[in-house]
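No hydrogens, no waters, no symmetry mates; every other heavy atom, side chains included, goes into these values. In this chain, residues are counted from 1 in sequence order.
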Amino acid sequence: MQEYMCNRGYQTLINVAVLSGIGDGLYNIVFVIYAGSLSFSTLAVSLASMATFVPSLLSMLTGYFADQSRHKVRAILVTRNLQFVLFLILAFLITLPRNIWLFFLLLW
């Protein structure tokens, strides 16, 4: 706790990680609920659950590439802004009429 209170960089990293975790959890919940509302809900929920698991499998690979970045702060800002834009696009796509092609686009 002492490190958190004194180190501004560490404080920022912890706060970002907590907010990112909350956002990821909410997205996963919404996506599974969306998958459950489809006509092929059993398959859709299974695929949605697997799709939320795959990024955690790739975390070692993405961590390696993050370590290779020269300008880490700029890379983090760019990727977070890109993530924000992608979430906005996903939010718009979820409002469209449901069909199998839209689900696979969201899943991808």
S.K.: Taking side chain to side chain contact (heavy atoms under 4.5 Å, CB included) as the definition, give me every residue that meets it alongside L96, ordered by chain and number, with sequence neighbours left out.
M.R.: F92, L93, L102
S.K.: Output all residues satisfying ring pair (Phe, Tyr, Trp, His ring centres under 6.0 Å) with Y34, sequence neighbours left out; order by chain, then residue number.
M.R.: none
S.K.: Would you give the length of the straight line joining atom CG of L90 to atom OH of Y27, rounded to the nearest 0.5 angstrom?
M.R.: 4.5 Å
S.K.: I'd like to check the side chain to side chain donor-acceptor pair (under 3.5 Å) partners of N7; sequence neighbours left out, ordered by chain and number.
M.R.: E3
S.K.: For F84, enumerate each residue passing the ring pair (Phe, Tyr, Trp, His ring centres under 6.0 Å) test, keeping only those at least two apart in sequence or located in another chain.
M.R.: none
S.K.: Rounded to the nearest 0.5 Å, how far apart are CZ of F87 and CG of L26?
M.R.: 10.0 Å
S.K.: What's the shortest heavy-atom distance between S41 and G36, and which atoms?
M.R.: CB-O, 3.4 Å
S.K.: Partners of S37 by side chain to side chain donor-acceptor pair (under 3.5 Å), sequence neighbours excluded?
M.R.: R98
S.K.: Let's go through L86 and L82 carefully: what are the C-alpha distance in whole Å and the side-chain angles of both, what is the deciding distance for side chain to side chain contact (heavy atoms under 4.5 Å, CB included) to 0.1 Å, and is it a yes or a no?
M.R.: CA-CA 6 Å; L86 290 174; L82 179 64; 4.2 Å; yes
S.K.: Can you pull the side chain to side chain donor-acceptor pair (under 3.5 Å) pairs that have at least one residue in residues 9-20, sequence neighbours excluded?
M.R.: Y4-N15, S20-R80
S.K.: Between I29 and F31, is there shared hydrophobic-cluster membership here, with clusters defined by ILVMFWY side-chain heavy atoms closer than 4.5 Å?
M.R.: no
S.K.: Grab the two heavy atoms, one from V32 and one from V45, that are nearest each other, plus how far apart they are.
M.R.: O-CG2, 4.0 Å
S.K.: What is the distance from atom CG of D24 to atom CG of L19, rounded to the nearest 0.5 Å?
M.R.: 11.0 Å
S.K.: Distance from L47 atom CG to T42 atom OG1, nearest 0.5 Å?
M.R.: 11.0 Å
